[in-house]
Amino acid sequence: MTGMLSAANEAAALERLHELKCTDGLPVVVPTEARVARMALASGLDRDLALGEMGPGKGIATVEKVAVAAVMAGCLPDYMPLVIASVKAVLDPRFDLTEMQATTHCTAPLILVNGPARHGIGPIACGFGALGPGHRANASIGRALRLAMINIGGGRPGESDMALLGHPGKFTYCLGEDEEASPFSPLHVDLGFAPEDSTVTVIGAEAPHSVLFSGDGDDPESANRLLGCLAIGLANIATNNAVLTGGAAMVLLNPEHAAVLADAGLNRRGIAERLHGLCAHSPDELARYAAAFASRRTESAADSRRSCFASPDDILIAVAGGTGLYSMVMPTWCAGPHRNRAVSVQVEMAQFCEIPTENP
Amino acid sequence: MRDGIAIARLGIPAVALVTEKFWPQGDFVANSLGMPDAPRVRLPHPVAGTGEANLERIADAIAPAIIEAFVH
């Protein structure tokens, strides 16, 4: 049992949680013993089960502690499988969570949900405004992960989380892929999962950068122009991806932009390969704008452009959002021992335990 | 801080250099890694990118503190 605090009433308890720096600055649902018990029960897992050690504070992420975060974030018990999967993803050593929590970069975990859980849990918004307000499951699942990172991982601003500014996605950053509106196979299927599987893919990402593009059905170059715009946004020379290289990034295509690329005969792999080629800079550009980092490079081919990505596999592409002019790209931090890899985890629906709706 | 503690755990004497803006984080990391008294020396902030002459001034100023930390 996690240590218990006591307070005279809910309002006093909330103020106490704020004082103890246990919140994200917004009001939380007070994690009473009964609420946490219901949340933990919904996971179908032993509440003392340790999912892993969460840095930099080295707290042990038990199911119970994750349930505390989920209650505080405003999750319904139904959301627990996604919260658990998201926590497992960031605890994967390849995610470099300890270093990521401590960096001065603004990075935040972006959760992308694939598979039937998008409909069975929540639902998870995938379309218009999916990254914005108004979607309880998106908002509270992403927030639960952040509260776990604060209270289990110990990431607190200016003390252990040294992000110089952070970004609003550090409150919550979660959406689903709009598989039904996508001309491509779902992201998780291309990553090797079965279509009937549900997954979360978590990537430490900057705030979304909007990419404006208006297609022209009469222009045979339309797809190439769109790829060029995406590449400029994805790896402009002020990004870590351009300078440090070797990391990953996310591209969220709105359905209209996805159709432009699909109509040009491109699938997800083809788009990633084209972007891999386009996201590159010359040694001169790097020396001019990022000399402190560029000078650390050891490549000898002075006249060749250096790709921002080690492989097309490092460019994750998903379809989401309303249909129209704007897609989004999310560059990343790209540092840490594993270069802050994106991690996909299957959502364990079989363990889920349905909880009566009564709310204590 | 983390590097300094990792090196110390290898049995190699180590002193971490921590700038004043990152001093609280140094404390946090030292505590969370179970070595709250890991030796560290405070630097002004920023150091990186302030030019070679300034780096030399800082190095001259803190060298005695680094030696002192190694000795004790």
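All chains are named by letter (A, B, ...) in the order of the sequence lines, taking the proteins before the strands, and each is independently numbered beginning at 1.
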Minimum heavy-atom distance [X]-[Y], with the two atoms named:
X        : Y       : result
A:Ser160 : B:Gln25 : O-NE2, 3.6 Å
B:Phe28  : A:Gly57 : CZ-CA, 3.7 Å
A:Lys58  : B:Ser32 : CD-O, 2.9 Å
A:Gly158 : B:Pro24 : O-CB, 4.0 Å

Look at atom [atom1] of [X] and say whether more than 12 heavy atoms of other residues, nucleotides or ligands are closer to it than 6.0 Å.
X        : atom1 : result
A:Arg288 : CZ    : no
B:Glu52  : CD    : no
B:Ile12  : CD1   : yes

Can you give me every donor-acceptor pair (side chain of residues 142-149 of chain A, partner residue at least two apart or in another chain, under 3.5 Å) with its distance?
residue	atom	partner	partner atom	Å
A:Arg143	NE	A:Asp24	OD2	2.6
A:Arg143	NH1	A:Pro27	O	3.3
A:Arg143	NH2	A:Asp24	OD1	2.9
A:Arg143	NH2	A:Asp24	OD2	3.4
A:Arg143	NH2	A:Leu26	O	3.4
A:Arg143	NH2	A:Pro27	O	2.8
A:Arg146	NE	A:Lys170	O	2.7

| field | Minimum side-chain heavy-atom gap B:Arg2-A:Thr98 below 4.5 Å | value | yes
